[in-house]
2 protein chains.
Amino acid sequence: MGTFTLKKMYERKIQEDLDCGISVAMKVFGAKWKPCIIDAISRGARRPSELHREITTTSARVIDMQLSELVTYGVLSKKTGTGFPLCVEYSLTPMGESILPILAHLSAWGLKNKEVVKKIAQNGQEAPAGKKRSWNELSTIC
Amino acid sequence: MGTFTLKKMYERKIQEDLDCGISVAMKVFGAKWKPCIIDAISRGARRPSELHREITTTSARVIDMQLSELVTYGVLSKKTGTGFPLCVEYSLTPMGESILPILAHLSAWGLKNKEVVKKIAQNGQEAPAGKKRSWNELSTIC
DNA sequence: TCAGGTACCGAATAATTTTTCGGTATGGAT
DNA sequence: ATCCATACCGAAAAATTATTCGGTACCTGA
């Protein structure tokens, strides 16, 4: 028996293609803090308060929101205690566990390339845009 | 000798952490259409016009922008022809090639889970939010 | 009864990314 | 001189995501 209300989710204007595997993956764990949260949980942080303490680069609210989305998509499961103080534990489902190796690959790739990327990023020009065609770009083909 | 101007890139207000491998990876190939473009190129599409024809779900402008970012970050290399008609070819650099297995993993994961995700996504409530605590959520712990 | 720790939530706002629109430039063919 | 296909680009608008702010609720011990 419970009163409840369902908040309607943000309604996209542009449809996404959930037949594309990459879109699906990105939807489920591609948000800014989700990999971070999944990682922390895989390393043993289970309670929201622990996560809040561990991840200080964003607010508690943000973590809470992402946690609940991860539960919705079946990446995490949630157990609620009734004792005192309130206690909730999140843990990875098998589906969640299956994400870990992918995150490991992403992380390895990023670490391997981070110096180059950093250098380019700090150059301040994302794209060599605005250049008006003139000198030879590289070798000539075609 | 060439006239040119550099368009300044979007200046972030919130700093990103480029020591985190996952952030780096996401920055380089995590944008909406980049995986798609990388994939198309890996399958043999080299010229912008081919890509435009192959990827019809977004505009040419979008593809062009992503292409130039991918070049900037060293994922693609660009060769410009001087003949007629104008001809440009993009190809994967070794760094670009090294992304392919990761995309394959992401894609495989997504395809394996897409039915579940689709079902949940179309349920219309992203998060089971708004629920006011009352019945037992799951088993009790703590 | 009140403070204190835990777990949440909604609505507004800000930041970021994506998309649209309307251009420029090149060189050959007509 | 105009038209075509190719390859680009800037600026504004729209869409999406992330963040901030100010709450509620539960239980217990002081």
Side-chain angles (χ1 to χ4, degrees), chain A residues 2-16 26-27 30-34 36 46-53 55 57-69 71 78-90 126-134 137 142, chain B residues 2-16 26-27 30-34 36 46-53 55 57-69 71 78-90 126-134 137 142:
Chain A
T3 50
F4 63 92
T5 53
L6 266 324
K7 185 185 148 203
K8 65 181 173 319
M9 77 178 197
Y10 173 74
E11 283 201 40
R12 308 193 141 268
K13 307 278 175 62
I14 295 175
Q15 252 336 96
E16 56 195 337
M26 286 305 183
K27 184 180 182 67
K32 186 164 182 185
W33 300 100
K34 280 177 184 165
C36 196
R46 310 198 153 281
R47 303 183 56 183
S49 49
E50 290 179 276
L51 291 163
H52 298 160
R53 272 191 297 274
I55 305 171
T57 33
T58 190
S59 70
R61 176 70 174 121
V62 169
I63 295 173
D64 293 347
M65 282 189 308
Q66 309 283 51
L67 279 172
S68 94
E69 272 192 38
V71 170
K78 173 181 174 181
K79 290 186 193 292
T80 304
T82 49
F84 170 79
L86 273 182
C87 174
V88 170
E89 284 189 8
Y90 291 91
E126 189 78 17
K131 182 153 104 21
K132 297 214 181 58
R133 208 181 327 277
S134 45
E137 202 99 357
C142 306
Chain B
T3 51
F4 64 93
T5 53
L6 265 325
K7 185 186 148 203
K8 64 183 173 318
M9 76 179 197
Y10 173 74
E11 284 203 39
R12 310 194 141 267
K13 307 278 176 63
I14 294 175
Q15 252 336 95
E16 56 196 338
M26 286 304 183
K27 184 180 182 69
K32 186 164 182 184
W33 299 100
K34 280 176 184 165
C36 195
R46 311 197 152 282
R47 303 183 56 185
S49 48
E50 291 179 278
L51 292 163
H52 298 159
R53 272 191 296 273
I55 305 171
T57 33
T58 190
S59 71
R61 175 71 174 121
V62 169
I63 295 173
D64 294 346
M65 281 189 308
Q66 309 284 51
L67 279 172
S68 95
E69 272 193 38
V71 170
K78 173 182 174 181
K79 290 185 192 294
T80 305
T82 49
F84 172 81
L86 273 183
C87 174
V88 170
E89 284 189 7
Y90 292 90
E126 189 77 19
K131 183 153 104 21
K132 297 211 180 61
R133 204 182 330 277
S134 43
E137 203 100 356
C142 304

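Here is the naming used below: chain letters follow the sequence lines, and residue numbers restart at 1 for every chain.
Note on Ala31(B): only backbone sugar-phosphate atoms sit closer than 4.0 angstrom, heavy atoms only; bases stay farther off. Contact annotation for Ser59(B): base contact, defined as any heavy-atom pair under 4.0 Å involving a base atom.
Nearer the 5' end of DNA chain D, as judged by each residue's closest nucleotide, is the contact made by Leu67(B), out of Gln66(A) and Leu67(B). Nearest-nucleotide positions on DNA chain C for Gln15(B) and Thr57(B) put Gln15(B) closer to the 5' end.
Between the side chain of Arg61(B) and the base of dG10(D) there is at least one donor-acceptor pair of N/O atoms closer than 3.5 Å.
Distance from the side chain of Val88(A) is smallest for dA7(C) among the nucleotides dT20(C), dA7(C), dT17(D). For Tyr90(A), taking side-chain heavy atoms from C-beta onward, the closest of the listed nucleotides dC8(C), dT17(D), dT6(D) is dC8(C). Here the nucleotide nearest the side chain of Arg47(B), chosen from dT6(D), dT20(C), dT16(D), is dT6(D). The Tyr10(B) side chain lies nearest to dA15(C) when the options are dT20(C), dA15(C), dC8(D). Considering only the side chain of Leu86(B), dT26(C) comes nearest among dC8(C), dT19(C), dT26(C).
Rounded to whole angstrom, the span from the CD atom of Glu69(A) across to the C1' atom of dG10(C) amounts to 15 Å. Remark: C1' of dT13(C) and CD1 of Ile14(B) are 12 Å apart, rounded to the nearest angstrom. For the pair Glu11(A) CD and dT16(D) C1', the computed distance is 14 Å after rounding to whole Å. In this entry the distance linking CH2 of Trp33(B) with P of dT18(C) reads 10 Å, nearest Å. Distance, Lys7(B) NZ to dA12(D) C1': 11 Å, rounded to whole Å. Here dA14(D) presents its C1' atom at 8 Å from NZ of Lys13(A), a figure rounded to the nearest Å. Between the NZ atom of Lys32(B) and the C1' atom of dT16(C) there is a distance of 14 Å, rounded to whole Å. At whole-Å resolution of the value, CZ in Arg53(B) and C1' in dA5(D) are 10 Å apart.
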Inset, instruction - Check the pair Lys78(A), Tyr90(A) against side-chain contact (heavy atoms from CB on, under 4.5 Å), reporting the backbone distance first and the verdict last. - result: CA-CA 5 Å; Lys78(A) 173 181 174 181; Tyr90(A) 291 91; 3.8 Å; yes
Inset, instruction - Assess whether side-chain contact (heavy atoms from CB on, under 4.5 Å) is satisfied between Ile55(B) and Val62(B), documenting all intermediate values. - result: CA-CA 11 Å; Ile55(B) 305 171; Val62(B) 169; over 6 Å; no
Legend entry - Derivation of the side-chain contact (heavy atoms from CB on, under 4.5 Å) call for Lys32(A) and Ile14(B): CA-CA 12 Å; Lys32(A) 186 164 182 185; Ile14(B) 294 175; 4.1 Å; yes
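Atom CD1 of Ile63(B) sits about 13.5 Å away from atom NZ of Lys34(B), to the nearest 0.5 Å. A distance of 15.0 Å separates NZ of Lys79(A) from CZ of Arg47(A), quoted to the nearest 0.5 Å.
Nearest heavy atoms, Gln66(B) versus Trp33(B): NE2-N, 3.8 Å.
Considering only side-chain N and O atoms, Ser49(B) lies under 4.0 angstrom from the phosphate OP1 or OP2 of dA7(D). Residue Lys78(B) places at least one side-chain N or O closer than 4.0 Å to OP1 or OP2 of dC8(D). Regarding contacts with the backbone of dT19(D), a side-chain N or O of Thr58(A) is found under 4.0 angstrom from either OP1 or OP2.
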